[in-house]
Amino acid sequence: MFTILITGANRGLGVEFVRQHAADGWEVLATSRQPEKSDALKQLASQHPKVVLHRLDVTDAESVKGLADKLKGKPIDVLLHSAGIYPREGQHIGEIDYDGWHKAMETNLFGVLRVTEALLENVAASPRKQIAAISTSLSSLRGVQGGSVAQAGTSYQYRSSKTALNMALSILAKGLEPRGIRVGLLDPGWVKTDMGGAHAPLSPRESIAGMRRVLAGNPMEISGKFLGHDGMPRPW
Ligand SMILES: NC(=O)c1ccc[n+]([C@@H]2O[C@H](COP(=O)([O-])OP(=O)(O)OC[C@H]3O[C@@H](n4cnc5c(N)ncnc54)[C@H](OP(=O)(O)O)[C@@H]3O)[C@@H](O)[C@H]2O)c1
């Protein structure tokens, strides 16, 4: 059976990734800034002995190194980056919140790369050798060009951090090809979580089930691609 490490595993999409992998008997390394504060995660760990909780703040280099030291030599088949933030303040031109923008880049872009660098040898040592990050259709340059001003003329921080993530992981996918490590980007759709809000059409269960089907495909065929939870390519 495979091992998956999930960031941001205490709520939202992350905890649903934990739930579904645990139900299928995977070993799950569920990481979170404060795992002890998530009742959902603690319950999953008590029900499934192969769910192990670890502390990880993806923006904190010491925290990332601490986890990498703890997991040294442990193969990780799938490294799944779900942790992310969506700054809500100062999203319009004339009132941009640069602190929020820094935080979005720290979490959504640097956090993914920092954790990937730290755990790369764990992924390389596994049979499956797969890395995936949750991006968003809002990252699409084509989407901005084709969208209305109301849809497209906002959310500089979040969207640019995810566009940069798409580029960074595309570079990574090429760079890791010779080592047989496969890297993909996923769009979960608009999902009911704290981030997605109550009006989102998709439940976490549906979105994660779809993304798991995509991840279960041939890693060579999905590497370097940006795919939706429905398996369809998303525009860059
Ligand atoms: N929901 C949607 O409709 C939607 C659509 C497109 C893309 N996405 C993407 O999907 C991913 C998950 O989103 P979600 O809807 O589950 O969001 P969410 O409900 O707001 O959960 C965000 C998760 O990220 C964690 N996180 C934030 N900063 C972190 C850090 N520095 N270190 C470690 N963990 C951190 C949070 O932990 P704390 O509890 O400690 O804050 C939480 O577990 C994100 O990357 C998001 O951009 C979501």
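All residue numbers in this chain count up from 1 along the given sequence. Both counts, for ligands and for their atoms, begin at 1 and track the order of listing. Note that these values count all heavy atoms, side chains included, but never hydrogens, waters or copies made by symmetry.
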**Asked** Which residue owns the protein heavy atom closest to atom 22 (C) of ligand 1, what's the atom, and how far is it?
**Response** G84 O, 3.6 Å
**Asked** So, H81 and T116: side-chain donor and acceptor under 3.5 Å apart, yes or no?
**Response** yes
**Message:** Give me the nearest non-hydrogen protein atom to atom 37 (O) of ligand 1 as residue plus atom name, then the distance to 0.1 Å.
**Reply:** N10 OD1, 3.4 Å
**Asked** Y158 heavy atoms, cut-off 4.0 Å: which ligand 1 atoms fall inside?
**Response** 6 (C), 7 (C), 8 (N), 9 (C), 46 (C), 47 (O)
**Item:** Residue pair S203 / E206, side-chain donor-acceptor N/O under 3.5 Å
**Value:** yes
**Item:** Closest contact, heavy atoms only, V51 versus A22
**Value:** CG2-CB, 3.5 Å
**Prompt:** In the protein, which heavy atom is nearest to atom 9 (C) of ligand 1, and how far is it?
**Reply:** I134 CG2, 3.5 Å
**Message:** Would the distance check show the side chain of N122 and the main-chain N or O of K74 forming a donor-acceptor pair, the cut-off being under 3.5 Å?
**Reply:** yes
**Asked** Which residue owns the protein heavy atom closest to atom 33 (C) of ligand 1, what's the atom, and how far is it?
**Response** L56 O, 3.5 Å
**Prompt:** Which bit of L13 gets closer than 4.0 Å to ligand 1, counting heavy atoms only: side chain, backbone, both or neither?
**Reply:** both
**Message:** Under 4.0 Å, counting heavy atoms only: does K162 come that close to any atom of ligand 1?
**Reply:** yes
**Request:** Might you point out which heavy atoms bring V58 and A83 nearest each other, and give the distance in Å?
**Result:** CG1-CB, 4.4 Å
**Request:** Provide, to 0.1 Å, the distance between atom 44 (C) of ligand 1 and the closest protein heavy atom, together with that atom's residue and name.
**Result:** S82 O, 3.1 Å
**Prompt:** Just distances here: any N/O of G8 and N/O of ligand 1 closer than 3.5 Å?
**Reply:** yes
**Message:** Return the CG to CG distance between L29 and L67, rounded to the nearest 0.5 Å.
**Reply:** 8.0 Å
**Prompt:** When you check the side-chain N and O atoms of T136 and D187, is any donor under 3.5 Å from an acceptor?
**Reply:** no
**Asked** Which is it for Q34 and ligand 1 at heavy atoms under 4.0 Å: side chain, backbone, both or neither?
**Response** neither
**Request:** May I ask you to say whether D24 pairs ionically with R212, meaning some side-chain N is under 4.0 Å from a carboxylate O?
**Result:** yes
**Message:** Using 30° and 60° as the class boundaries, would you call the ring planes of H21 and W26 parallel, tilted or perpendicular?
**Reply:** perpendicular
**Request:** Give the numbers and elements of all ligand 1 atoms closer than 4.0 Å to a heavy atom of G12.
**Result:** 16 (O), 19 (O)
**Request:** Provide the closest heavy-atom pair for A168 versus L109 in the form atom of the first, atom of the second, distance.
**Result:** CB-CD1, 3.9 Å
**Ring-face cation of R19 near F17 (centre distance under 6.0 Å, axis angle within 45°)** = no
**Message:** Which residue and atom name correspond to the protein heavy atom nearest atom 5 (C) of ligand 1, and how close is it?
**Reply:** G189 O, 3.2 Å
**Request:** Ignoring angles and geometry beyond distance, decide whether R33 reaches within less than 3.5 Å of ligand 1 through its nitrogen or oxygen atoms.
**Result:** yes
**Prompt:** For atom 36 (C) of ligand 1, what is the nearest protein heavy atom, given as residue, atom name and distance?
**Reply:** R11 NH2, 3.8 Å
**Request:** May I ask you to list the atoms of ligand 1 that are less than 4.0 angstrom from any heavy atom of I85?
**Result:** 27 (C), 28 (N)
**Request:** Could you tell me if any non-hydrogen atom of P188 lies under 4.0 Å from any atom of ligand 1?
**Result:** yes
**Request:** For T193, counting its heavy atoms only, list the atoms of ligand 1 lying under 4.0 Å from any of them.
**Result:** 1 (N), 14 (P), 15 (O), 19 (O)
**Request:** Could you tell me whether E121 and R179 have a side-chain N and a carboxylate O separated by less than 4.0 Å?
**Result:** yes
**Message:** What protein heavy atom lies closest to atom 35 (C) of ligand 1? Include the residue and the distance to one decimal.
**Reply:** A83 CB, 3.6 Å
**Message:** Taking only non-hydrogen atoms of Y86, do any sit less than 4.0 angstrom from ligand 1?
**Reply:** no
**Fill in**
Atoms of ligand 1 under 4.0 Å from any heavy atom of S135, numbered from 1 in the order shown, are 6 (C), 7 (C)
**Under-4.0 Å salt bridge between R11 and E16** = no
**Message:** Distance under 4.0 Å to a non-hydrogen atom of D194: what atoms of ligand 1 satisfy this?
**Reply:** 19 (O)
**Any donor-acceptor N/O pair, S207 side chain to P188 backbone, under 3.5 Å** = yes
**Request:** May I ask you to list the atoms of ligand 1 that are less than 4.0 angstrom from any heavy atom of T136?
**Result:** 6 (C), 7 (C)
**Prompt:** Looking at D57, which atoms of ligand 1 are within less than 4.0 Å of one of its heavy atoms?
**Reply:** 30 (C), 31 (N), 32 (N)
